[in-house]
Amino acid sequence: MTWHIVGAGSLGSLWAARLARNGLPVHLLLRDRVRLKAYEDAGGLTLVEQGKAHQYPIPAELPSHPGPISRLLVACKAYDAEAAVQPLLQRLAPGAELILLQNGLGSQNAVALRLPHARCVLASSTEGAFREADFRVVFAGHGFTWLGDPLQPAAPGWLADLEQAGIPHGWTPDILSRLWRKLALNCAINPLTVLHDCRNGGLAEHPAEVGVLCAELSELLQRCGQPDAAEGLHDEVLRVIQATAANYSSMYQDVANGRRTEISYLLGHACATATRHRLRLPHLESLHERLKAHLHQRGLPVT
Ligand code: NAD
Ligand code: KPL
């Protein structure tokens, strides 16, 4: 069965290249004729691994192309996911399955609401990749992708394709817990690196601020039915700060490069969930406001 992939950016290309080079059929779905022409001119997707570049001439098409889609990997940013899936709805075959590779929370539900008859598998990835140029992606950090379906615990047969492609992955009945845990880690680290203009390691100089955010995030996780995601959160945040001390967080890099952040699906989602549960989290709310003001000042979207 063909893997259709919408979002041929960093992670989408990383998946596409590994699936295609291991003999699995892949089709890229590009946004419009301009992108399709640019892709055809480039001659395919290039993946750079350990300094070596390989090009993969994976077929690409427009969303309006005829033909059913049975398996769709959605690898756009969280704020683009719903709009990217919209023009593909009429192509989805009965029983189609989607894999939603977005960080944070909120976008997955928005997509799933449009697709009451399709299966939506959620993913949480720690793999690292970045775009060096259009259709040229660097594999920057080995990691792991957790997959799961909160509505249906049985693992899908296509995990064998990921095995064949050498994509490190695991199936979990608790994908929401994994997504909440990563969201909490990202909320405790990423906005502070932006506001203090520092690498992750720089947060070691702000232990009280990190501590109070972890306490509020743990309270939120407990309140919204994710106690496992709260377990040992502060210790893990401190471990990640130390282990990634020399790195700039993904949000820091987005802001530094003038790119839109996924704030609404991280801090925004955390604060909205707290409000829904009538929970006051003053430090988290203040962090959200300070981050929005910072983005606004730089002409970046605050959602
Ligand atoms: P990216 O910006 O590199 O790629 C997204 C791609 O989607 C872009 O090529 C964009 O043109 C395309 N796109 C957007 N709207 C589209 C549309 N309507 N039709 C077709 N294509 C469309 O993003 P990324 O870094 O691969 O991130 C994807 C998700 O994975 C994000 O939620 C991110 O937080 C998460 N993530 C990324 C990494 C990483 O290392 N890059 C690691 C872990 C998680
Ligand atoms: O995932 C991250 C990011 O930068 O987005 C880490 C390294 C965990 C920091 O939150």
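Order of listing sets the numbers, starting from 1, for every ligand and every atom in it. Hydrogens, waters and symmetry mates are skipped; everything else that's a heavy atom, side chains included, is used.
When each atom of ligand 2 is checked for a heavy atom of Ser249 under 4.0 Å away, the hits are 4 (O). Within the listing of ligand 2, atoms 8 (C) sit less than 4.0 angstrom from a heavy atom of Val240.
Using a 4.0 Å cut-off between heavy atoms, Asn247 makes no contact with ligand 2 at all. At a heavy-atom cutoff of 4.0 Å, ligand 2 is contacted by both the backbone and the side chain of Asn186.
Among residues at least two apart or in separate chains, ring pair (Phe, Tyr, Trp, His ring centres under 6.0 Å) pairs with a member in residues 225-250 are Tyr248-Tyr252. Listed by first and then second residue, the ring pair (Phe, Tyr, Trp, His ring centres under 6.0 Å) pairs that reach into residues 96-125 come to none, sequence neighbours excluded. Applying the ring pair (Phe, Tyr, Trp, His ring centres under 6.0 Å) test to every pair with at least one member in residues 267-295, sequence neighbours left out, gives these pairs: Trp180-His269.
A side-chain donor from one of His196 and Glu209 sits under 3.5 Å from a side-chain acceptor of the other. Between the side chains of Asn200 and Thr244, at least one donor N or O lies within less than 3.5 Å of an accepting N or O.
When the shell of 6.0 Å around CD of Glu163 is examined, it contains 12 or fewer heavy atoms from other residues, nucleotides or ligands.
Regarding atom 7 (C) of ligand 2, its nearest protein heavy-atom neighbour is Asn200 ND2, 3.9 Å. Counting only heavy atoms of the protein, atom 10 (O) of ligand 2 lies nearest to Asn190 OD1, 2.5 Å. Of all protein heavy atoms, the one lying nearest to atom 3 (C) of ligand 2 is Ser250 OG, 3.3 Å.
The pair Glu49-Arg21 meets the salt-bridge criterion, with a side-chain N (NZ, NE, NH1 or NH2) lying under 4.0 Å from an Asp/Glu carboxylate O.
By the rule that hydrophobic residues join a cluster once side-chain heavy atoms approach within less than 4.5 Å of another member, Leu203 and Val212 end up as members of separate clusters.
Contact residues of ligand 1 (protein heavy atom closer than 4.0 angstrom to a ligand atom; sorted by chain and number): Val6, Gly7, Ala8, Gly9, Ser10, Leu11, Leu29, Arg31, Ala75, Cys76, Lys77, Ala78, Asp80, Ala84, Leu101, Gln102, Asn103, Ser125, Glu127, Gly128, Ala129, Arg131, Glu262.
Arg276 contributes no side-chain N or O that, together with a main-chain N or O of Cys224, makes up a donor-acceptor pair within less than 3.5 Å.
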